[in-house]
Amino acid sequence: MSKQKSGCKDGVKLRGRTYHLRIRVPERFAGVETRKEICSSLRTRDRDTAIVRAAIERKRLISDWEARLAHGGLTPTNDEFQASLKVLESWSLPYRSMASLVDGPITELVRRIARIEEAGLQSALVPAALGTCDKPFIRISEMPKLMEKAKAAEIAAKNPNQKREWRNKYIHAAKSFIEIVGDKAVHEITEADALAYRNHWKRRHDQDEISTNHAVKRLRFLRQMIDEYFESLDVPMSQRNNPMVGLMISKKPFYYDSSGGTKVSLPPDWVARLVRGEIVACGNEEGQDIAVVAADCGTRQSEIYNLPPEDIHLDHEIPHFVIRTVTEGENMREIKNQASTRIVPLLGASFDAMKRHPEGFARYRGKGSYSGTINSYLHDNDLFPEHPDGPEEHFSIGCTRHTYEDRLIAAGLNNEERAYLMGHSLQRIRGRPVYGSGPDLVLRALYQEMVAHETMNWKPRSHAVLRSEIDRHLEQMGFRIR
């Protein structure tokens, strides 16, 4: 009777020249819906189209109310949304939001309704096919955990400390966004929010509070989290909206870098004193010997203190250790990249230091405390030399790796030979695919001897003798070098 008085049939009412949906909110949804009656435009003058759109909108409303009841007023969880996508996949239907279906061709709506009739109105296909499965309400504060779950395979080889450092990138980015903008749902982040976040870091960058690299990373980590949100939901590319895309922070005009873009090196005579034990690099033998091996061999400190016992070979004809990713066991660890995988000979001071720790460095393995501990020790005891850029700048123990390349250059090793020893990318240096197997352990030991430091019990041969030995070894391998 009421429908006849209002002129409303099947929830569709003509108002002026446009059809509207008009339905009463059932009493059981009163706790999650403040409105008693819904009246919204269906944006069409065609009654048949209006009936289809009304059915979609009515279903969307009911699904939403049901979801709110089931989840305390919140929208569906990520798992529920993924389940809806699987239902669609089983029916060979791509996910489309309700808004895009309403604005799209009527034939697509008809096709989906036909599928629903096949499946039955009680099927989970109904809300999925009609686009009423709202995107999960995942706040930016939840994204670091989601990132870790989504990237589980990629970070599987990282040890606990490496995972902590990886995780902290996103935790810090999320925390910063919350402080600047608020703890918003990812899909509700606007361009204005993104600009506010970018402008915060740009302001700090322009005021010389942070480096360009630091500021750029803050933007990158937030952009990656937003990308991962859409990726995890299999949202079609056409429906993704990452407002961080395209936002950048550039170096200031007329920026002057006194290093010329290079990484500052510690003076070679200071490094030689460190390797000889004249500079106590830490308050314990393990910390001291890690510094010695890294400085003498030109490695990253983490490549030394994370060494598992099985990768240290002191009884070999040429003592050495292996730098590689370890994916299993208690000593698992990830190295920086594939180019960093290499064999490193142990000669002189580095061999002596490693003999004192044949099982590696358990005190620091898998932890992130080494660099902070040793740098603090050296700074607090005024053991670092004066920085060339003035008293406001400071060296770190990692600069011994930069000095190592200076030593290689001084010894006459070419760019590719240096790359092999330091674990740099040959493909980047050559600008083309890399062929060949590279230098074997014998050649690496000869190259290493050209820059190794003399000790009380060992002295490296002259460059002339070593170059002759290199030529002889290559000829024995079958290469023609003359």
Side-chain angles (χ1 to χ4, degrees), residues 78 135-155 158 161-264 300 302 334 336-337 368 371-372 393 396 398 425 428:
N78 186 27
K135 296 183 181 69
F137 195 83
I138 299 176
R139 295 187 181 277
I140 197 68
S141 59
E142 301 174 75
M143 283 306 301
K145 288 185 178 180
L146 193 149
M147 289 291 292
E148 188 167 1
K149 181 179 179 181
K151 303 296 183 182
E154 295 180 24
I155 64 174
K158 294 182 183 293
N161 179 61
Q162 290 173 327
K163 287 181 179 178
R164 178 188 62 80
E165 292 176 344
W166 182 89
R167 186 185 306 118
N168 282 348
K169 300 184 302 184
Y170 301 106
I171 291 175
H172 183 269
K175 181 179 179 181
S176 298
F177 184 84
I178 293 168
E179 292 173 351
I180 297 165
V181 177
D183 194 9
K184 300 188 69 172
V186 178
H187 68 281
E188 293 180 349
I189 295 175
T190 65
E191 291 184 359
D193 298 330
L195 284 171
Y197 184 77
R198 191 281 303 270
N199 290 342
H200 168 84
W201 295 111
K202 185 176 185 300
R203 182 166 54 253
R204 293 193 60 188
H205 167 262
D206 292 348
Q207 294 173 354
D208 291 325
E209 295 179 17
I210 57 175
S211 67
T212 303
N213 185 50
H214 182 93
V216 169
K217 285 182 178 179
R218 302 284 78 75
L219 305 191
R220 182 196 310 154
F221 299 146
L222 181 63
R223 183 179 67 249
Q224 289 174 343
M225 285 193 288
I226 298 175
D227 279 341
E228 185 54 45
Y229 169 78
F230 290 113
E231 183 69 21
S232 67
L233 303 180
D234 289 334
V235 176
M237 296 300 297
S238 61
Q239 296 181 34
R240 300 184 186 189
N241 177 32
N242 188 339
M244 291 301 299
V245 172
L247 294 184
M248 298 180 294
I249 294 177
S250 303
K251 287 185 177 180
K252 290 179 288 187
F254 312 113
Y255 173 80
Y256 175 68
D257 183 355
S258 61
S259 69
T262 62
K263 296 183 177 181
V264 66
R300 303 173 181 91
S302 62
E334 184 181 66
K336 186 174 182 179
N337 48 45
S371 293
E393 299 296 328
S396 73
S425 171
R428 181 174 299 177

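Any value given below was found using the heavy atoms of this structure, including those in side chains, with hydrogens, waters and symmetry copies removed. The model shown is predicted, which means the values in this text are computed figures rather than measured ones.
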Atom [atom1] of [X]: over 12 foreign heavy atoms under 6.0 Å:
{"X": "Lys169", "atom1": "NZ", "answer": "yes"}
{"X": "Glu188", "atom1": "CD", "answer": "yes"}
{"X": "Lys175", "atom1": "NZ", "answer": "no"}

Salt bridge Glu165-Lys158, side-chain N to carboxylate O under 4.0 Å =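 No, no charged N to carboxylate O under 4.0 Å.
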For the residue pair Pro144 and Met225, establish whether any side-chain heavy-atom pair is separated by less than 4.5 Å.
->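 They are in side-chain contact.
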Any side-chain heavy-atom pair from Met248 and Leu219 closer than 4.5 angstrom?
->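 The answer is no; the side chains never approach within 4.5 Å.
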Please round to the nearest 0.5 Å and tell me the distance separating atom [atom1] of [X] and atom [atom2] of [Y].
{"X": "Ile249", "Y": "Asn213", "atom1": "CD1", "atom2": "CG", "value": "11.0 Å"}
{"X": "Ile226", "Y": "Arg240", "atom1": "CD1", "atom2": "CZ", "value": "12.5 Å"}
{"X": "Ser176", "Y": "Ile140", "atom1": "OG", "atom2": "CD1", "value": "11.0 Å"}
{"X": "Leu222", "Y": "Lys217", "atom1": "CG", "atom2": "NZ", "value": "16.0 Å"}
{"X": "His172", "Y": "Arg167", "atom1": "NE2", "atom2": "CZ", "value": "16.0 Å"}

Under 30°, 30 to 60°, or over 60°: which ring-plane class applies to Tyr197 and Phe177, parallel, tilted or perpendicular?
->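 Answer is tilted, since the angle falls between 30° and 60°.
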With sequence neighbours excluded, residues passing ring pair (Phe, Tyr, Trp, His ring centres under 6.0 Å) with Tyr170 =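 With sequence neighbours excluded, Tyr170 shows a ring pair (Phe, Tyr, Trp, His ring centres under 6.0 Å) to Trp166, Phe221, given in chain and number order.
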With sequence neighbours excluded, what pairs up with Arg204 under the salt bridge (Lys or Arg N to Asp or Glu O under 4.0 Å) test?
->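 In terms of salt bridge (Lys or Arg N to Asp or Glu O under 4.0 Å), with neighbours along the sequence ignored, Arg204 is linked to Glu209.
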